[in-house]
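Here the structure is laid out as structure tokens; the discussion comes afterwards.
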2 protein chains.
Amino acid sequence: MPGTKPHDLLIFLTNRVGRQLSRLMLEQMEFEGFLPQSTHMGLVADLVGNDGLRQQDLAISTIKDKGTVARALKQLESAGLLMRQIDADDRRQKLIRLTDKGNRLWQFAQSKATETMVTATHDIEQTEFDTCIDVLKRVYQNLHQQLSIPQTSSHE
Amino acid sequence: MPGTKPHDLLIFLTNRVGRQLSRLMLEQMEFEGFLPQSTHMGLVADLVGNDGLRQQDLAISTIKDKGTVARALKQLESAGLLMRQIDADDRRQKLIRLTDKGNRLWQFAQSKATETMVTATHDIEQTEFDTCIDVLKRVYQNLHQQLSIPQTSSHE
DNA sequence: GCAAACTAGTTGCGTTTGCAACGAATAACC
DNA sequence: GGTTATTCGTTGCAAACGCAACTAGTTTGC
């Protein structure tokens with residue numbers, strides 16, 4: 001990627017590394033008859049240890065359209081990986097909770113991820129890697145607020 | 001994203017930050033009547049200062065299917081942003097070169113990217129950011145070899 | 001020189017995705 | 001209390017993507 005200024009690299013590097021990791025990991029990810037996709041795993045990652053999230057929350061954190069989230073959750077539910085329960089306090093929203101099988105999928109994914117990550121980071125020191133993760137987390141947080149706002153409905 | 005081990009974060013962080021940056025930047029990217037998409041900009045980024053790449057090369061570096069690349073390049077060509085010229089030495093392959101308009105698109109994109117990147121990195125020190133870029137570059141390189149190999153045709 | 005194997009790019013097809021329109025439930029306003 | 005505005009989730013639709021089959025051009029082996 002020559003000809004780019006440093007700050008331009010981030011958008012291409014994140015997109016490409018993300019796709020690389022997704023492709024390499026997902027091809028090993030068949031779990032009890034279910035073939036998860038990138039979208040599925042992103043949702044599961046947020047749901048681990050976080051019972052009771054709403055679909056809207058997941059759409060915002062994963063930066064996916066709420067329709068996309070709805071469909072992916074439906075598939076995960078059909079596969080028995082999570083449950084969607086209508087909130088009694090506000091019957092519009094559904095509260096989402098991983099099942100035991102969903103949690104096992106997450107454990108399985110973590111074990112499978114190790115090998116790929118060893119290859120990916122074999123020449124990278126731990127402190128450098130940690131800095132990278134930390135920077136990405138902060139970028140994510142900084143942009144998160146930008147992206148959440150657009151609910152300023154255009155009413156004409 | 002709680003409940004994750006450090007090395008698991010990379011796949012989700014890269015995918016999410018990549019999508020965040022793509023969405024924020026692309027919505028400002030209309031250029032002389034052309035509305036570029038993430039795939040278009042990824043290709044242009046590789047073509048800047050690199051005349052004569054083949055479609056196959058671009059498919060590998062951007063980690064996209066060659067059909068996807070073919071279609072995106074066709075659109076960029078129609079918009080007058082690049083030219084595809086059949087290689088006289090090997091008439092199967094097409095050599096790709098940005099036009100002046102294509103180079104102007106890149107300049108335009110860089111100018112538009114600045115504001116978003118300032119927001120994204122306002123609380124991040126330059127050295128940290130550089131380390132992050134460097135780590136991502138190395139991860140990209142390490143995985144690149146993994147992904148390029150699959151041409152070991154299964155012949156049975 | 002010719003047939004088989006291979007490679008670069010294109011195209012058809014099914015899946016995934018984002019956008020927009022919709023229905024149901026709640027909140028806000030008078 | 002009833003009307004209007006918002007919000008959450010679903011669904012229709014069109015665009016984009018990956019896979020696989022295909023065409024055309026090149027290389028290999030005899």
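Each chain gets a letter, A, B and so on, in the order its sequence line appears, and its residues count up from 1.
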Please report the interatomic distance CG(A:L58) to CG(A:L47), rounded to the nearest 0.5 Å.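 Between atom CG of A:L58 and atom CG of A:L47 there are 5.0 Å.
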Within less than 4.0 Å of OP1 or OP2 of C:dT16, is there a side-chain N or O belonging to A:T68?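 For A:T68, the contact criterion (side-chain N or O under 4.0 Å from OP1 or OP2 of C:dT16) is not met.
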Does D:dT26 have its OP1 or OP2 closer than 4.0 Å to a side-chain nitrogen or oxygen of B:R91? yes
Heavy-atom donor-acceptor pair, B:R54 side chain to B:Q93 backbone, under 3.5 Å: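 Side chain of B:R54 to backbone of B:Q93, a donor-acceptor pair under 3.5 Å: no, none is there.
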Quick check against the 3.5 Å criterion: does B:D90 have a side-chain atom that pairs as donor or acceptor with the backbone of B:D87?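 No; zero donor-acceptor contacts below 3.5 Å.
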Below 4.0 angstrom, N of the basic side chain to O of the carboxylate: do A:R138 and A:D134 qualify?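 Here A:R138 pairs with A:D134 in a salt bridge, since their nearest N and O are under 4.0 Å apart.
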Could you state the [atom1]-[atom2] distance from [X] to [N], rounded to the nearest angstrom?
{"X": "A:K64", "N": "C:dC19", "atom1": "NZ", "atom2": "C1'", "answer": "15 Å"}
{"X": "B:I60", "N": "C:dT7", "atom1": "CD1", "atom2": "C1'", "answer": "12 Å"}
{"X": "A:D89", "N": "D:dT7", "atom1": "CG", "atom2": "P", "answer": "19 Å"}
{"X": "B:L58", "N": "D:dG18", "atom1": "CG", "atom2": "P", "answer": "14 Å"}
{"X": "A:D65", "N": "D:dA15", "atom1": "CG", "atom2": "P", "answer": "17 Å"}

Taking the side chain as C-beta and beyond, is there a heavy-atom pair between B:T131 and A:V135 under 4.5 Å? no
Just wondering, do A:T121 and B:N142 contact through their side chains at under 4.5 Å, heavy atoms? no
Where along residues 26-38 of chain B does a heavy atom fall under 4.0 Å from DNA chain D?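 Heavy-atom contacts with DNA chain D come from B:Q37.
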Would you find more than 12 non-hydrogen atoms of other residues, nucleotides or ligands less than 6.0 Å from B:R97 atom CZ? no
Any side-chain donor paired with an acceptor under 3.5 Å for A:S22 and B:N15?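 A pair is found: one side chain offers a donor N or O, the other an acceptor, under 3.5 Å apart.
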Between protein and nucleic acid, restricted to nucleotides 8-10 of chain C and to nitrogen or oxygen atoms under 3.5 Å apart, what atom pairs and distances do you find?
residue	atom	partner	partner atom	Å
C:dA8	OP1	B:R54	NH1	2.8
C:dG9	OP1	B:Q55	N	3.2
C:dG9	OP1	B:K94	N	3.0
C:dG9	OP1	B:K94	O	3.4
C:dG9	OP2	B:Q55	N	3.4
C:dG9	OP2	B:Q56	N	2.7
C:dG9	N7	B:K66	NZ	3.2
C:dG9	O6	B:K66	NZ	3.2
C:dT10	OP1	B:R84	NH1	3.1
C:dT10	OP1	B:K94	NZ	2.6
C:dT10	OP2	B:Q55	OE1	3.2
C:dT10	OP2	B:Q55	NE2	2.8
C:dT10	OP2	B:R84	NH1	3.2

